[in-house]
Peer 1: 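If you scroll down you'll find the structure; I have some questions about it.
No experiment lies behind these values; they were computed from the predicted model shown.
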Amino acid sequence: MAAPLPTAPPAPPTQTPPAAAPADAGPLSLDARLAAVEAAMTVRLDEAAVAHEVRTAHIHTDPINLDGVITVPLTPILQPPQHATPVAALLERARARMEADGWCAGALTDESGAVCLLGAIRKEAGGDRGLEADAASVVLDAIRRRFGDHVESVPAFNDAHGTGRISLRMLDQAASLADARGL
């Protein structure tokens, strides 16, 4: 039998020393230090993620059967607040009408059926001119509170904007104001 050949122990791994910064570079700027810390943290987080995967790879999990679970919509269905006062309820209906029919400027109702602020109020008032006047007055008050006393009328305010987004917001604010006043 042949004698086994002597083997040398494996050489320890050698690490290369980090490159030395030039002596005349001066201290690092804040941005450079932040970038270095971010790089170091990224490396540490990557290593931790790998270690977690290795440690939890043996854990067996069964899929969950969710067939019998009651489901709900992911986003809640927003309902407008229900106001108890007649003017506030009218302004809510006017807002819903404007959202459904669309917004217009320059006329109470255009050829496609879209309505302006006053047109929506008039349609929802159903011929009750007193209720319509009260609602228009509250809308004008809400507009003036938000935009100043220089606003002459509800139609002038409506026509001064390019979209109905602000008109819809004013109907909301006017409904809350009418409700607070008990109108």
Side-chain angles (χ1 to χ4, degrees), residues 30-31 34-35 37-38 41-42 45-46 48-49 52-53 56 59-183:
L30 177 62
D31 290 335
L34 288 174
V37 169
E38 181 182 11
M41 287 304 298
T42 301
L45 288 172
D46 289 344
H52 176 73
E53 290 293 324
T56 60
I59 299 174
H60 176 70
T61 57
D62 291 325
I64 299 173
N65 183 2
L66 298 176
D67 291 337
V69 176
I70 297 174
T71 59
V72 295
L74 294 176
T75 57
I77 299 170
L78 299 176
Q79 296 293 329
Q82 300 299 317
H83 295 293
T85 62
V87 173
L90 169 64
L91 292 169
E92 276 185 2
R93 292 193 311 271
R95 185 186 196 291
R97 161 95 48 183
M98 187 179 287
E99 280 184 326
D101 295 349
W103 172 84
C104 73
L108 293 175
T109 305
D110 70 2
E111 60 277 353
S112 68
V115 292
C116 74
L117 271 169
L118 195 56
I121 293 170
R122 183 165 289 171
K123 279 191 174 183
E124 290 303 317
D128 186 344
R129 294 292 186 184
L131 186 62
E132 178 185 330
D134 289 343
S137 174
V138 173
V139 170
L140 184 59
D141 191 30
I143 290 169
R144 285 180 174 164
R145 283 176 173 221
R146 175 77 170 89
F147 293 96
D149 289 335
H150 68 279
V151 178
E152 296 175 20
S153 66
V154 173
F157 175 80
N158 182 79
D159 295 348
H161 297 285
T163 68
R165 185 175 52 94
I166 295 174
S167 296
L168 288 169
R169 189 178 310 142
M170 286 296 102
L171 284 171
D172 276 340
Q173 290 179 11
S176 296
L177 184 60
D179 194 42
R181 291 179 177 173
L183 298 176

Peer 1: Is the number of heavy atoms from other residues, nucleotides or ligands within 6.0 Å of CD (Glu99) greater than 12?
Peer 2: yes
Peer 1: Looking at CD1 of Ile143 and CD of Glu152, how far apart are the two atoms once the value is rounded to the nearest 0.5 Å?
Peer 2: 12.5 Å
Peer 1: Among residues at least two apart in sequence or on other chains, which ones pass side chain to side chain contact (heavy atoms under 4.5 Å, CB included) with Ala114?
Peer 2: Cys104, Asp110, Ser112
Peer 1: For Glu38, is there any backbone N or O sitting under 3.5 Å from a side-chain donor or acceptor partner on Thr42?
Peer 2: yes
Peer 1: So which pairs with a foot in residues 127-143 pass salt bridge (Lys or Arg N to Asp or Glu O under 4.0 Å), sequence neighbours left out?
Peer 2: Arg122-Glu132, Arg129-Glu132, Asp141-Arg145, Asp141-Arg181
Peer 1: What residues form a side chain to side chain donor-acceptor pair (under 3.5 Å) with Asp149, not counting sequence neighbours?
Peer 2: none
Peer 1: How would you list all residue pairs meeting ring-ring contact (aromatic ring centres under 6.0 Å, His included) that involve residues 119-149, not counting sequence neighbours?
Peer 2: Phe147-Phe157
Peer 1: Does atom CD1 (Ile64) have a neighbourhood of more than 12 heavy atoms from anything else shown, all under 6.0 Å?
Peer 2: no
Peer 1: To the nearest 0.5 Å, how far apart are NZ in Lys123 and CZ in Arg97?
Peer 2: 5.5 Å
Peer 1: So, for Val115 and Gly119, which heavy atoms are closest and what is the spacing to 0.1 Å?
Peer 2: CB-C, 4.1 Å
Peer 1: Who passes side chain to side chain contact (heavy atoms under 4.5 Å, CB included) against Gln173, sequence neighbours left out?
Peer 2: Arg146, Arg169, Met170
Peer 1: What is the distance from atom CG of Leu91 to atom CG of Leu171, rounded to the nearest 0.5 Å?
Peer 2: 6.0 Å
Peer 1: The criterion is side chain to side chain contact (heavy atoms under 4.5 Å, CB included); which residues satisfy it with Leu45, sequence neighbours excluded?
Peer 2: none
Peer 1: Please find the pair of heavy atoms, one from Leu168 and one from Arg95, that lie closest to each other, and give the distance.
Peer 2: O-NE, 3.5 Å
Peer 1: Do the side chain of Asp159 and the main chain of Gly106 share a donor and acceptor less than 3.5 angstrom apart?
Peer 2: yes
Peer 1: Looking at Ala120 and Ala94, what are the two nearest heavy atoms and their distance?
Peer 2: CB-O, 3.5 Å
Peer 1: Got a second to check how far Ser167's OG is from Leu118's CG, nearest 0.5 Å?
Peer 2: 11.0 Å
Peer 1: Looking at His161 and Trp103, what are the two nearest heavy atoms and their distance?
Peer 2: O-CH2, 3.0 Å
Peer 1: Looking at Thr85, Val138, Leu131, which one forms a side-chain contact (heavy atoms from CB on, under 4.5 Å) with Leu90?
Peer 2: Leu131
Peer 1: Could you tell me which non-hydrogen atom of Ala135 sits nearest to which non-hydrogen atom of Val87, and how far apart they are?
Peer 2: CA-CG1, 3.7 Å
Peer 1: Kindly give the heavy-atom pair with the smallest separation between Ala136 and Val154, and that separation in Å.
Peer 2: O-CG2, 3.6 Å
